[in-house]
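Lettering follows sequence order; numbering is per chain, from 1. Note that the coordinates shown come from a computational prediction; the quantities given were computed from them, not determined experimentally.
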Amino acid sequence: MIKVTLDDGQAIEVEKGTSVGQVLSEGLSKKQRKRLILAKVNGDLKDLGYKLEADSSVSPVFLGDEEALEVLRHSAAHLMAQAVKALYPDVQVAIGPAIEQGFYYDFNTPEPFSPEDLSKIEKKMKELSKKAIPIERMEMDIDEAISLFKQKDEPYKVELLEELKDQGEEKVSLYRQGDFVDLCRGPHLPDTGKISAFKLLNVAGAFWKGDENREMLQRIYGTAFFDKKKLREHLDRLEEARRRDHRKIGKELELFSIEESIGPGLILWHPKGALVRKIMEDFWRDEHLKRGYSLLFTPHIAKRELWKRSGHLDFYSENMYAPMQIDDVEYQIKPMNCPFHIAIYNSRKRSYRELPLRWCELGTVYRYERTGTLHGLMRVRGFTQDDAHVFCMPEQLDSEIIEILDMTLYMLQVFGFQKYDIYLSTRPEKYVGSDEHWELATNALRRALESKGLHYEIDPGEGVFYGPKIDIKIKDCLDRSWQCSTIQVDFNLPERFDMTYTGEDGQKHAPIMVHRALLGSLERFFGVLIEHYAGAFPIWLSPVQARVMTITDRQNQWAREVFETLRANGIRADMDLRNEKLGKKVREAQLEKIPFMLVLGDQEVADRTVSPRTRRGETMEAMSVEQFVELLKRQAQEEKMGGVTSPENSKQG
RNA sequence: GCCGGCAUAGCUCAGCUGGUAGAGCAGCUGAUUCGUAAUCAGCAGGUCGCCGGUUCAAGUCCGGCUGCCGGCUCCA
């Protein structure tokens, strides 16, 4: 007999080998029993069929429990594979895990799946789900499993099993549902009937094991939830994401474009987008000057020799554009700004008294990115980094990194981002510099994060070739994350370029270099901003803050006066004096997401006032132009400072 | 780069099984002078992404290229 402690603290004695499902079912109503899907044994999720062999604490997991969502999705992946095998027996299965938003399964098929196939597969899944086929776990000797999958002609499973065998595994677990058997660690739901709210989303190619030298498989993505309502909500969210796509909004609001005649991944900033960029840049520069940075400007090309010395030709050449010959010397377009900043540092002797040197530049770089990876503003070939390099002494490193972290979080907050994930990336396989240096740099970053009390995750092996880094991935309002900010410590370039400063001791020392970008690139950050706000930028960023609109052409004279006053007060305004109905003018301004519309009729002309309307549809009492200017400026400032009052929420009339 | 899909007017899209292109919006002209999400009428606008092939005939079928979309891989 063994002792089993239940959820309520009560301990009972059961026969050794009793299944946990049996233990938990005791005392449950029939209805509850139907909803029992998994068990937690000593904190780990297990199948209900799991046999208790020793004293343990157990608790039930019911249909709908958040912690079982991953299991549900994993089981849904198996259900999909079962359906695919039922419809297309010759298809070979690879792997099928649960992922953050759902699940996928990779298949090898001579004929790629079409969208029609997806609905067929989905239909089959529903059929199999209705049958509530039991999902059973089996343990098997690894050699036996290998011959089983060989016999089933499932080479990918065989490959996985052989790897497991090499790692010393002797037994593996398989899951069977009907005639479908899959190699799997589990756990799984007790039967296919528990998988009811799911949807297959799309097919895409994916390399076997993520290796582009291996064969391309067909991956089907899907998602699953415990109930139809949650599924509906998720699908609505995907729809919302599509609605907010920066590429769509960028075209609608005339912010930017990418033209085939110019080239892929090359951005044209149209007047409205360029204005937003100017506002971003002004804020960025002012903030840097306030924090002791100096501004730099550097060229777009440099001699090939420079890139050789910096190591970029060794570690980055596949991302660099081909050299061009000028006066018998080869030049290359810059993929990074660092060597230029270093050249400025090295233009004369440096003293420890000058350090830290904080140099920033909105530096435009060009990187060759493979065509398939380009994506609107998010992944481009020419972009402007909000770059900076801090040169400091070792004892200044901690405080400099803390300072940078502070600044990053402040800037992100001003732009409206409060949620982000932080990663500390450690040494990659391909690297330069001594182990000692790597450790020192990694520790400095870690200490900075910890002293700020920030929660972070380690991203092993994801550092740059010259040093470890902190990456901050910001989350937009749909919780999608985008990597923007990056802080990288570098002991390598100072060495390569013989950078030195004279210390207090009169001796030469190598400075430490920190690379950092807060927004990442103006292009990507702009893309994120567009999606985050769905094009309705906060007032301080809006390219047009107010539009003056008339009801008839009797108001044109007053409209021009109002417009001039707004402009004189530094407000970005325009006018709509067209011979159109007010409703149409309002509608268009609304679609352009202009924060304020100033309606002018005969009454306003007589009183020398304006009647503001917000993009949220609230109309305000008529007020003088001066009052409106005051109102707009106050609200713009409140929004910029992250205040809760936004004009859309105010109730002034 | 790889797998799959797509490419028709400035934009969003129709165009069945091949018989030399259509709508709405935008634009232009005119009428209308109107109070918070679309006034009416008229006009104009396209070598159907590019190159080649099949055919009496190609937007439609086939091949190549370019670009875009969904992923893989990679990254700011």
Side-chain angles (χ1 to χ4, degrees), chain A residues 104 106 108-109 111-115 117 201-221 242 245 247-248 251-252 254 257-265 316 318-319 335-336 363 365 367-381 383-387 462 464 469 471-473 482-486 488 515-525 527-528 549-556 578-592 597-604 611-615 617-620 622:
Chain A
Y104 68 78
D106 286 347
N108 185 30
T109 160
E111 281 292 305
F113 298 113
S114 66
D117 291 332
L201 297 170
N202 53 334
V203 211
F207 299 108
W208 168 234
K209 292 193 170 165
D211 180 347
E212 61 183 350
N213 298 314
R214 299 296 299 268
E215 56 270 42
M216 173 78 56
L217 304 173
Q218 295 294 312
R219 175 172 298 177
I220 302 181
Y221 284 94
R242 272 189 284 277
D245 192 316
R247 294 167 299 191
K248 184 170 179 286
K251 190 182 277 176
E252 286 166 0
E254 293 189 82
S257 70
I258 302 167
E259 305 290 334
E260 192 172 343
S261 60
I262 308 284
Y316 209 72
E318 71 269 25
N319 283 300
M336 292 184 187
V365 298
R367 300 181 184 174
Y368 171 74
E369 302 289 355
R370 306 205 285 185
T371 51
T373 66
L374 301 174
H375 181 92
L377 291 174
M378 301 302 191
R379 191 79 190 282
V380 297
R381 284 180 171 170
F383 57 101
T384 301
Q385 292 184 298
D386 67 314
D387 209 354
E462 289 302 310
V464 198
K469 61 175 181 173
D471 282 331
I472 300 181
K473 299 190 181 181
W482 302 96
Q483 192 195 321
C484 292
S485 319
T486 182
Q488 311 175 350
H515 310 248
R516 45 113 281 201
L518 306 183
L519 310 179
S521 77
L522 295 178
E523 286 74 9
R524 177 177 289 180
F525 197 75
V528 174
M549 50 182 71
T550 50
I551 291 170
T552 73
D553 49 22
R554 289 191 300 277
Q555 294 89 40
N556 285 4
R578 290 175 307 165
N579 175 11
E580 294 288 355
K581 288 188 164 179
L582 182 62
K584 176 156 184 166
K585 297 185 182 186
V586 167
R587 175 182 152 82
E588 288 184 7
Q590 193 73 48
L591 292 173
E592 287 177 57
M597 298 159 221
L598 299 180
V599 176
L600 271 49
D602 288 338
Q603 195 57 52
E604 284 77 11
S611 290
R613 175 195 205 276
T614 70
R615 58 186 163 195
E618 290 116 351
T619 52
M620 300 181 187

Colleague: Please tell me if A/R242 has a side-chain N or O lying less than 4.0 Å from either OP1 or OP2 of B/G70.
Modeller: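 No, because none of the side-chain N or O atoms of A/R242 sits under 4.0 Å from OP1 or OP2 of B/G70.
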Colleague: Please confirm whether any donor atom in the side chain of A/R381 sits under 3.5 Å from an acceptor in the base of B/C75, or the reverse.
Modeller: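 Donor-acceptor pair under 3.5 Å: no.
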Colleague: Give the rounded distance in Å between these two atoms: CZ of A/R370 and C1' of B/C74.
Modeller: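 For the pair A/R370 CZ and B/C74 C1', the rounded distance is 7 Å.
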Colleague: Nearest-nucleotide wise, let me know which of A/P112 and A/Q483 is further upstream toward the 5' end of RNA chain B.
Modeller: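 Looking at RNA chain B, the more 5' nearest nucleotide goes with A/P112.
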Colleague: Any salt bridge between A/K209 and A/D211, counting N to O under 4.0 Å?
Modeller: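 No, this pair does not count.
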Colleague: Drop me the distance from A/R615's CZ to A/L591's CG, to the nearest 0.5 angstrom.
Modeller: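 Atom-to-atom, A/R615:CZ and A/L591:CG are 13.0 Å apart.
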Colleague: Whole angstrom is fine here: how far is it from CH2 in A/W482 over to P in B/A76?
Modeller: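 In whole Å, B/A76 P and A/W482 CH2 are 15 Å from each other.
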Colleague: Counting the atoms with a prime plus P, OP1 and OP2 as sugar-phosphate, which does A/E369 contact under 4.0 Å by heavy atoms, base, sugar-phosphate, or nothing?
Modeller: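 Here A/E369 touches the bases of the nucleic acid.
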Colleague: Between A/R247 and A/Y316, which is nearer to the 5' end of RNA chain B once each is assigned its nearest nucleotide?
Modeller: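 Looking at RNA chain B, the more 5' nearest nucleotide goes with A/R247.
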Colleague: Using both pair distances under 3.5 Å as the test, note the stems of at least 3 consecutive Watson-Crick or G-U pairs that include RNA chain B.
Modeller: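 If one scans RNA chain B for consecutive Watson-Crick or G-U pairs, the stems found are B:1-7 with B:66-72, B:10-13 with B:22-25, B:27-31 with B:39-43, B:49-53 with B:61-65.
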Colleague: Taking the cut-offs as 6.0 angstrom to the six-membered ring centre and 45 degrees off its axis, would you call A/R214 and A/F207 a cation-pi pair?
Modeller: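 Geometry flag: not set, cation outside 6.0 Å or 45°.
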Colleague: Measuring to OP1 and OP2 of B/G70, would you say a side-chain N or O of A/H375 lies under 4.0 angstrom away?
Modeller: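 Yes, such a contact exists.
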Colleague: So what does A/V365 touch, heavy atoms closer than 4.0 Å: a base, only the sugar-phosphate, or nothing?
Modeller: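 If one applies the 4.0 Å heavy-atom cut-off, A/V365 turns out to touch nothing in the nucleic acid.
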Colleague: Which whole-number value in Å describes the distance from A/E318 CD to B/C74 P?
Modeller: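 So the two atoms are 12 Å apart, to the nearest Å.
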Colleague: For the side chain of A/K251, starting at C-beta, report the closest nucleotide among B/U12, B/U66, B/A76.
Modeller: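 Output: B/U12.
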Colleague: Is A/G210 touching bases, backbone alone, or none of the nucleic acid, heavy atoms closer than 4.0 Å?
Modeller: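 A/G210: backbone/sugar contact only, no base atoms under 4.0 Å.
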Colleague: I want to verify a distance call: between B/U73, B/G67, B/G71, whose nearest atom is closest to the A/E212 side chain?
Modeller: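 Out of B/U73, B/G67, B/G71, the nucleotide with an atom closest to A/E212's side chain is B/U73.
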Colleague: Out of B/C74, B/U66, B/G70, which nucleotide sits closest to the side chain of A/T373?
Modeller: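 Between B/C74, B/U66, B/G70, the one nearest the side chain of A/T373 would be B/C74.
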Colleague: Round to the nearest Å and state the distance from A/L377 atom CG to B/C75 atom P.
Modeller: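 In whole Å, B/C75 P lies 21 Å from A/L377 CG.
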Colleague: Indicate for each nucleotide in nucleotides 36-41 of chain B, in 5' to 3' sequence, whether protein heavy atoms under 4.0 Å reach the base (B), only the sugar-phosphate (S), or nothing (-).
Modeller: BBBB--
Colleague: Could you check how far CD of A/E260 sits from P of B/C6, rounded to whole Å?
Modeller: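 Roughly 18 Å, once rounded to whole Å.
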Colleague: Tell me the interatomic distance from A/R379, atom CZ, to B/G71, atom P, rounded to whole angstroms.
Modeller: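 Distance, rounded to whole Å: 14 Å.
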Colleague: CG of A/D387 versus P of B/A76: gap in Å, rounded?
Modeller: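 Value for this atom pair: 11 Å.
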Colleague: What nucleotide, of B/C34, B/A76, B/G70, holds the atom closest to the side chain of A/N202?
Modeller: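 Side chain of A/N202 sits closest to B/G70.
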Colleague: If you apply the rule side-chain hydrogen bond (donor to acceptor under 3.5 Å, both in side chains), what do you find for A/S611 with A/E604, and how did you get there?
Modeller: CA-CA 7 Å; A/S611 290; A/E604 284 77 11; 2.5 Å; yes
Colleague: Pick base, sugar-phosphate or nothing for A/D602, based on heavy-atom distances below 4.0 Å to the nucleic acid.
Modeller: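 A/D602: base contact, heavy atoms under 4.0 Å.
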Colleague: Rounding to the closest angstrom, what is the interatomic distance between B/U60 and B/G15 at atom P?
Modeller: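 These two P atoms come out 15 Å apart once rounded.
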Colleague: Using atom C1' in both nucleotides, what's the gap between B/G70 and B/A26 to the nearest angstrom?
Modeller: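 Those two atoms are separated by 30 Å.
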Colleague: What is the nucleic acid contact for A/K209, judged by heavy atoms within less than 4.0 Å: base, sugar-phosphate only, or nothing?
Modeller: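 Nothing, no heavy atom under 4.0 Å.
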Colleague: Does anything in residues 515-523 of chain A come within less than 4.0 Å of RNA chain B? Heavy atoms only, and list the residues if so.
Modeller: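 Residues of residues 515-523 of chain A under 4.0 Å from RNA chain B: A/G520, A/S521.
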Colleague: With a 4.0 Å cut-off, would you call A/E580 and A/R587 a salt bridge?
Modeller: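 No, no charged N to carboxylate O under 4.0 Å.
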Colleague: Indicate, with a heavy-atom threshold strictly under 4.0 Å, whether A/F525 touches base, sugar-phosphate, or nothing.
Modeller: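 A/F525: no heavy atom of the nucleic acid under 4.0 Å.
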Colleague: Is there a donor-acceptor contact under 3.5 Å from the side chain of A/D386 to the main chain of A/L518?
Modeller: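 At least one qualifying donor-acceptor pair exists.
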Colleague: Would you call A/Y221 stacked on B/G71, i.e. ring centres under 5.5 Å apart with the planes less than 30° off parallel?
Modeller: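 Aromatic stack with B/G71 absent for A/Y221.
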Colleague: Looking only at side-chain N and O atoms, does A/D602 offer a donor or acceptor that is under 3.5 Å from a partner on A/Q555?
Modeller: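 A/Q555 vs A/D602: donor-acceptor pair found between side chains.
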Colleague: Any chance you could lay out the side-chain hydrogen bond (donor to acceptor under 3.5 Å, both in side chains) test for A/S485 and A/K473, step after step, and finish with the verdict?
Modeller: CA-CA 7 Å; A/S485 319; A/K473 299 190 181 181; over 6 Å; no
Colleague: Using the P atom as the point on both nucleotides, what is the distance between B/C6 and B/C61, in whole Å?
Modeller: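 Result for the P pair: 10 Å, nearest Å.
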Colleague: Return the value, rounded to whole Å, for the distance between atom CE of A/M378 and atom P of B/C69.
Modeller: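 It works out to 12 Å between those atoms.
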Colleague: Taking the minimum atom-to-atom distance to the side chain of A/R524, which one of B/G1, B/C75, B/C72 wins?
Modeller: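 Comparing B/G1, B/C75, B/C72 against the side chain of A/R524, the answer is B/C75.
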